[in-house]
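A quick write-up on the structure given underneath.
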Amino acid sequence: MAALTQEAAMTNAHGIASTFDRGGLMLAGALHSSIQNARARQAAADEIQADRNVSAAQRAVMAVERQRRELIASQQEAARLRAENASLRTETARLRDELARMRSRALEAEGCLVRLAKAAQARRAA
């Protein structure tokens, strides 16, 4: 039965067109991949040729420029890290102050509880 329905699908126009559409899409995908690969190979070959065309002095200038860019980037990163460090130190100092205030309040509350407990004990004793 399944063979009949598959056979019937292959004989009607829609079934035939669908088969060709799938095949066409597969070919288009393969062609696209092939074109992308060719472009990548050509870009790599162009880069290699450009390196060959550059003189030694130009290569030295390019190396110095690259090192300068890296130096500037590292200086900017160091400045960012110094600013972050200062911010973290400020936050740490604020949190330490807050912790000291909380400890002071806790000690005051504990003292109050001790006084109340002693007063209650004195009232019971009296």
Side-chain angles (χ1 to χ4, degrees):
M1 185 75 164
L4 287 176
T5 56
Q6 186 179 14
E7 212 174 280
M10 294 302 294
T11 58
N12 68 26
H14 178 71
I16 294 170
S18 294
T19 303
F20 281 118
D21 285 345
R22 280 193 299 277
L25 288 173
M26 288 174 33
L27 287 174
L31 180 61
H32 178 72
S33 296
S34 175
I35 290 170
Q36 291 298 89
N37 291 340
R39 286 180 180 158
R41 285 191 305 272
Q42 184 61 47
D46 290 346
E47 188 175 329
I48 291 169
Q49 187 60 45
D51 286 344
R52 288 181 184 150
N53 293 341
V54 173
S55 69
Q58 288 171 321
R59 280 194 293 275
V61 168
M62 289 168 49
V64 169
E65 284 297 315
R66 185 174 52 251
Q67 289 173 350
R68 185 182 66 78
R69 285 191 303 271
E70 290 171 0
L71 173 65
I72 290 171
S74 65
Q75 288 172 338
Q76 290 171 343
E77 177 69 7
R80 186 191 65 75
L81 289 172
R82 280 192 295 275
E84 184 178 347
N85 188 16
S87 173
L88 289 172
R89 286 179 187 269
T90 302
E91 178 72 7
T92 300
R94 184 188 66 75
L95 290 172
R96 283 185 179 152
D97 289 345
E98 186 177 333
L99 179 60
R101 283 192 303 276
M102 290 177 154
R103 283 183 178 159
S104 175
R105 288 176 61 191
L107 288 173
E108 287 174 12
E110 185 179 355
C112 185
L113 287 173
V114 168
R115 283 189 300 276
L116 288 173
K118 284 182 181 179
Q121 188 178 21
R123 270 186 256 142
R124 276 189 234 130

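When reading the values below, keep in mind they use all heavy atoms of this one structure, side chains included, and skip hydrogens, waters and symmetry mates.
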Looking at CD1 of Ile35 and CD of Gln42, how far apart are the two atoms once the value is rounded to the nearest 0.5 Å? 14.0 Å
Result block: side-chain N/O donor-acceptor pairs under 3.5 angstrom for residues 65-74, not counting sequence neighbours:
from: Glu65; atom 1: OE1; to: Arg68; atom 2: NE; distance (Å): 3.4
from: Glu65; atom 1: OE1; to: Arg68; atom 2: NH2; distance (Å): 3.1
from: Ser74; atom 1: OG; to: Glu70; atom 2: O; distance (Å): 3.3
from: Ser74; atom 1: OG; to: Leu71; atom 2: O; distance (Å): 2.7

Identify, with sequence neighbours excluded, every residue that meets side-chain contact (heavy atoms from CB on, under 4.5 Å) alongside Arg41. Asn37, Ala38
Can you see whether Gln121 engages Arg124 through a side-chain donor-acceptor pair at a distance of less than 3.5 angstrom? no
Under the 3.5 angstrom rule, does the side chain of Ser34 hit a backbone N or O of Ala30 as a donor-acceptor pair? no
Pairwise distance CG(Leu81) to CG(Leu88) - rounded to 0.5 angstrom: 10.0 Å
Got more than 12 heavy atoms from elsewhere within 6.0 Å of CD, Glu110? no
Between CZ on residue Arg82 and CD on residue Glu77, distance to nearest 0.5 Å: 10.5 Å
Gln58: partners by side-chain contact (heavy atoms from CB on, under 4.5 Å), with sequence neighbours left out: Val54, Ser55
Around Arg89, counting heavy atoms of other residues, nucleotides and ligands shown, do more than 12 lie under 6.0 Å from its CZ? no
Under a 3.5 Å distance rule, please check whether Ser104 uses its side chain to pair with a backbone N or O of Ala100 as donor and acceptor. no
Test Glu91 against Arg94 for salt bridge (charged side-chain N to carboxylate O under 4.0 Å, His left out), laying out the working first. CA-CA 5 Å; Glu91 178 72 7; Arg94 184 188 66 75; 2.6 Å; yes
